[in-house]
Amino acid sequence: MKDINTIIQEKKPKPKLSNLIFAFIGGATVSVLGQFIMDMIVRYTDLSKSEAVTPMIIIIIALTCLLTGLGVYDKLATIFGAGLFIPITGFANSMCSSALESKHEGLVYGIGSNIFKLAGSVLVYGVVATYLVGVVRFIYENL
Amino acid sequence: MRTYKLDSTYVLNYATAATINEDKGELRGKLDTVFDDIYCDEKNYELAEQKLMKTSIENVLKKSNLRLNDLELIVSGDLMNQLMTTYYGLRHISIPVIGIYSACSSSALGLIIGSNYAVNGKKVLVTTSSHYAAAERQFRYPNEYGLQKKEVVTTTTSGAGSIILTSKKHPIQIEAYTLGVIQDFNYKDVNDMGGAMSIAAYDTITTHFKDTNRSFKDYDYVVTGDLGSLGLSVLKALFKENGYTDSLDNLVDLGTMIYKGCPECYMGGSGCACSMLMLCGKYLPMIENGKINSLLYVPTGALHNPIAVFQKQSIPSIAHAIVFRKAV
C-alpha cells in the first residue's frame, strides 16, 4: 500500500520545459531592450558607456512600474517567469505591486510600511553582501 | 461516533452572489447576482467581499419573502483575518451573529452549527464568502506581483452564498452530518492545498460510511469542497489503495468544476465561497427539482497559517460532511 506522500508525488504535474524556454526568451528580451536603451543614451547624449547604465536602469524600472500599474506585468510574468523575475524588472515590480496593494491603508501605514515587504530581503542581504565583499577587499589590498 | 442524525432540519431557501469570473464555467447563468468586476462597485477588495456577503443575504431574504428580523441567528464564515468580512459586513444588524473559521470547510461547519439552532420553527441563516484578491493579498502575494504560479495552486473564488435553515418541512432536508477531525501528515507544500486536504476528505468520508453503514452507491453524488484536480486524483487513489472497490464515478470535486474551461485557474477553485456557490448554484436546485435524491457534501479546509508556514510547520486540514436529501 502506497502512503499519501508517494501518491501526491506521483500525481503532481512535472515542471514544464516550456517555462524554461519562455524564461530564456523573456530574460533575453529585457537584456536586449536594456542594451538598446543604453546604446541610444550613449549615441544621443554626452554620457559615457559606464555613465549610461544608471539612466538605462531607471528607464527599465519606470517601464516595469508603468506595466505593473496597468495590470499587464503580472500577466507577462506568468508567461515569462524567471525571465522577468531575475532582472531589475522583478525588483521594481515587487515594490510597485506592494505599494499598489497597500494604497487603501494610507500613505504611512499602507504604502510606506509595505513597499519593501518583498524587496526588503533583497536590500538587506544585498547590503550585507556588499559589506562582506568590501571587508575582504580592504584586507586583501592593505596586507 | 462522529455522525449525528437530524430529525427535522430543512433548507428554506438559498441564494448566491459572485463576480463575472464565476459566471463563466459550471455556474454560468445559475448565480443570483453577478458583479461585473472584482471590486463589486466598492473601493477595495475587502469591502467588495463584504458587499458580496451582504448581497447574498439580501437575495436569500428576498427569495424567501423574509425580513432580517425574522431570523434567529446568522452563522457566518470567511477567510479574512479576525473574520473581517463577517464582523464588519454584519456590524449594523440587530440579530445575533456567530462567526466561524474552518477555512474552506466553513460552509459545512456553519450549516452544522446552524442546524442545531434551527429548531421549533426558528430560522437560521448560514453564509460564507471569499474573495480572490483579498485572499491572495492576505495569504500569498500582492495581486500585481509578477510571480509564475506553481501548477498545483488553486484559485480563490470570489463570491458568497447564503442558506436559510428551518425546522418546518421544505423540499430539501439535512439528514445527518459527520464532524471532521484535524488531519496532518506532515505535508509542507503550501502551493498544493488540494494534496494537503485530500486526507481530511478521505477520513471524513470513510468515517461517515462506517458510522452510517453506507457507501458511494447510497448517494447520487459525493462532492468534495475544493480539492482541485490534483487533490481529487489523490483522494481517488487513496480510496483505491485502501481497498475500496466501489465505482468512484459519483465522487466529484466542486473546485474542479467551478472554473471549468479556465486554464488560468490552474487546479480549480477554492475558498469558502467555492463549495457554497456550487451547492447553492447547482446541487440544491438539482435536489429541489428532483433530479437527484441525495448528496453527501464534504467541503475541505486547509487550516494553514502564513506565519506557521514560514516557521516550517506542516499544513493541517479538516473536512466536515453533510447529507442533503429530498424530503419525503
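Just so it is clear: chains get the letters A, B, ... in the order the sequence lines come, proteins before strands, and each one is counted from 1.
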Contact part of A:Lys75 toward chain B, heavy-atom cut-off under 4.5 Å: side chain, backbone, both or neither?
-> neither
Could you state the interatomic distance from CZ (B:Arg137) to CG (A:Asn114), rounded to the nearest 0.5 Å?
-> 7.0 Å
Nearest atoms (heavy-atom pairs only) where B:Met267 meets A:Pro13 | CE-CG, 3.9 Å
Has B:Lys150 got more than 12 heavy atoms of other residues, nucleotides or ligands less than 6.0 Å from its NZ?
-> no
Between chain A and each of B:Tyr145, B:Tyr141, B:Phe185, B:Tyr202, count heavy-atom pairs under 4.5 Å; write down the option with the most.
-> B:Tyr145
Side chain from CB out, backbone as N, CA, C, O: work out which of these in A:Ile8 comes under 4.5 Å of a heavy atom of chain B, or both, or neither.
-> both
Distance-only, no hydrogens or angles: does the A:Asn93 side chain make a donor-acceptor pair with backbone N or O of B:Gly146 under 3.5 Å?
-> yes
Spacing of B:Glu151 atom CD and A:Asn19 atom CG [to the nearest 0.5 Å] | 7.0 Å
Between B:Asn143 and A:Glu101, does a side-chain contact (heavy atoms from CB on, under 4.5 Å) hold up when you go through it step by step?
-> CA-CA 7 Å; B:Asn143 284 280; A:Glu101 191 89 330; 2.9 Å; yes
Counting only heavy atoms not in A:Asp3, do more than 12 sit closer than 6.0 Å to its CG atom?
-> yes
Whatever's closer than 4.5 Å to a heavy atom in chain B on A:Leu76 counts as neither
Interface residue of largest heavy-atom contact number with chain A, from B:Ser233, B:Gly195, B:Gly194, under 4.5 Å = B:Ser233
Residue part contacting chain A, namely of B:Asn186, when any heavy atom lies under 4.5 Å = neither
Should we say atom CZ of B:Phe209 is surrounded by more than 12 heavy atoms from elsewhere, each under 6.0 Å from it?
-> yes
What heavy-atom pair brings A:Thr68 and B:Glu144 nearest, and what distance separates the two atoms?
-> O-OE1, 3.5 Å
Is the count of non-hydrogen atoms from other residues, nucleotides or ligands lying under 6.0 Å from B:Tyr244 atom OH greater than 12?
-> yes
Counting heavy atoms not belonging to A:Leu132, are there more than 12 under 6.0 Å from its CG?
-> yes
Specify the closest pair of heavy atoms between B:Gln148 and A:Ala82, including all atoms of both residues, with the distance to one decimal.
-> OE1-N, 4.4 Å
Evaluate whether atom CG of A:Leu66 has more than 12 neighbouring non-hydrogen atoms of other residues, nucleotides or ligands under 6.0 angstrom away.
-> yes
Is the number of heavy atoms from other residues, nucleotides or ligands under 6.0 Å of B:Ile307 CD1 greater than 12?
-> no
Should A:His104 and B:Leu47 be marked as a side-chain contact (heavy atoms from CB on, under 4.5 Å) after you check the CA-CA gap, both sets of side-chain angles, and the distance that decides it?
-> CA-CA 11 Å; A:His104 294 293; B:Leu47 289 174; over 6 Å; no
Find out whether B:Leu238 and A:Ile7 are in side-chain contact, i.e. whether some heavy atom of one side chain is under 4.5 Å from a heavy atom of the other.
-> yes
Any chance CZ of A:Phe22 has more than 12 other-residue heavy atoms, nucleotides or ligands included, within less than 6.0 Å?
-> no
Looking at A:Glu10, A:Glu105, A:Lys103, which one has more heavy-atom pairs under 4.5 Å with chain B than the rest?
-> A:Glu105
